[in-house]
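The structure appears right after this line, and notes come after that.
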Amino acid sequence: MRAVSAGFRERVYEVVRRIPAGKVMGYGHVASALTQPGMARQVGWALAALPGDTDVPWQRVVRSSGHIAAQGAPDRAILQRALLEAEGVEFTADKVDMRRFGFGPEVFLGDPAEREA
DNA sequence: ATAATGACTGGGG
DNA sequence: ACCCCAGCCATTA
């Protein structure tokens, strides 16, 4: 058995599958959705184990900063950006504006004044 | 059982 | 705002 526990992986995939097209979620955010904050790295691990023909929209998961992750797979990183732009996600200086494209109820927990109109 | 690794994160320079 | 470093945690060696 390679990578993370099968159960954990499936939970990650379930969450990722719920991210609507045109939106992105941070690894830490996904981990929180799994009620297991602090496992951002393991979330990335689960996505890294995905096959090329998966139906999981792994491209919608980026770093909290909005930058593309995929360190060990630069080729996948390029593909990821292409897929996201095809979904309508705009990139600025190789980063995504989480304030606009970030998904998840958690993002609304912050101060309302923080939010962009 | 200990040490190294990595699709991460937050704080400090 | 960008780069570097220490902290985290399950999987591997």
Side-chain angles (χ1 to χ4, degrees):
Chain A
M1 143 174 105
R2 188 173 49 189
V4 198
S5 304
F8 182 78
R9 278 193 314 242
E10 291 190 30
R11 271 177 263 173
V12 171
Y13 303 155
E14 188 57 41
V15 172
V16 176
R17 265 191 271 257
R18 292 179 192 176
I19 305 175
K23 291 278 183 173
V24 297
M25 222 170 146
Y27 292 87
H29 253 168
V30 174
S32 293
L34 295 173
T35 68
Q36 306 189 62
M39 291 183 80
R41 278 187 118 127
Q42 283 69 345
V43 170
W45 221 306
L47 294 180
L50 283 169
D53 58 10
T54 183
D55 59 326
V56 178
W58 55 273
Q59 68 270 20
R60 291 172 199 157
V61 183
V62 298
R63 288 198 185 181
S64 62
S65 58
H67 200 287
I68 297 295
Q71 285 191 311
D75 37 324
R76 295 284 189 316
I78 298 171
L79 171 63
Q80 177 168 16
R81 173 166 177 167
L83 289 170
L84 287 175
E85 290 185 307
E87 293 181 355
V89 176
E90 299 170 33
F91 277 75
T92 304
D94 297 325
K95 296 168 225 142
V96 176
D97 185 340
M98 297 303 279
R99 200 58 74 172
R100 279 180 53 192
F101 303 102
F103 173 71
E106 303 80 16
V107 298
F108 301 133
L109 294 179
D111 187 310
E114 279 288 314
R115 296 212 59 219
E116 201 173 3

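Letters A, B, ... mirror the listed sequences (proteins, then strands); counts begin at 1. Please read all numbers here as calculations on a predicted model, not as lab measurements. The figures that follow rest on heavy atoms only: side chains count, while hydrogens, waters and symmetry mates do not.
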Exercise. What pair of heavy atoms forms the shortest contact from A/Tyr27 to A/Ala69, and how long is it?
Worked result: OH-CB, 3.1 Å

Dump every N/O contact between nucleotides 9-13 of chain B and the protein below 3.5 Å, one line per pair.
unit_1, atom_1, unit_2, atom_2, d
B/dT9, OP1, A/Gly28, N, 3.4
B/dT9, OP1, A/Ser64, N, 3.4
B/dT9, OP2, A/Ser64, N, 3.2
B/dG10, OP2, A/Ser64, OG, 3.4

Validation: residues 33-46 of chain A side-chain donor-acceptor distances under 3.5 Å, sequence neighbours left out:
none

Exercise. Can you list, by residue number, the residues of residues 67-92 of chain A that have a non-hydrogen atom closer than 4.0 angstrom to DNA chain B?
Worked result: A/Ala69, A/Ala70, A/Gln71, A/Gly72, A/Gln80

Exercise. For A/Pro51, which residues count as a side chain to side chain contact (heavy atoms under 4.5 Å, CB included) partner, sequence neighbours excluded?
Worked result: A/Asp53, A/Thr54

Problem set entry | Where at least one partner belongs to residues 60-70 of chain A, residue pairs that pass side chain to side chain donor-acceptor pair (under 3.5 Å), sequence neighbours excluded | A/Arg60-A/Glu87

For this session: List for me each residue that meets side chain to side chain contact (heavy atoms under 4.5 Å, CB included) alongside A/Ala48, sequence neighbours excluded, and say none if there are none.
Result: none

Donor-acceptor pairs under 3.5 angstrom involving side-chain atoms of residues 89-96 of chain A: please list them, not counting sequence neighbours.
unit_1, atom_1, unit_2, atom_2, d
A/Glu90, OE2, A/Arg100, NH2, 3.0
A/Asp94, OD1, A/Arg81, NH1, 2.6

Exercise. Partners of A/Leu83 by side chain to side chain contact (heavy atoms under 4.5 Å, CB included), sequence neighbours excluded?
Worked result: A/Trp58, A/Gln59, A/Leu79

Could you pull out the protein-nucleic contacts involving nucleotides 7-10 of chain C (nitrogen or oxygen on both sides, under 3.5 Å)?
unit_1, atom_1, unit_2, atom_2, d
C/dC9, O4', A/Gln42, NE2, 3.3
C/dC9, O2, A/Gln42, NE2, 2.8
C/dA10, O4', A/Gln42, NE2, 2.7

Problem set entry | Qualifying residues under side chain to side chain contact (heavy atoms under 4.5 Å, CB included), relative to A/Ala73, sequence neighbours excluded | A/Asp75, A/Arg76

Problem set entry | For A/Glu14, side-chain hydrogen bond (donor to acceptor under 3.5 Å, both in side chains) partners two or more places apart | A/Arg18

Exercise. What residues form a side-chain hydrogen bond (donor to acceptor under 3.5 Å, both in side chains) with A/Asp55, not counting sequence neighbours?
Worked result: A/Arg17

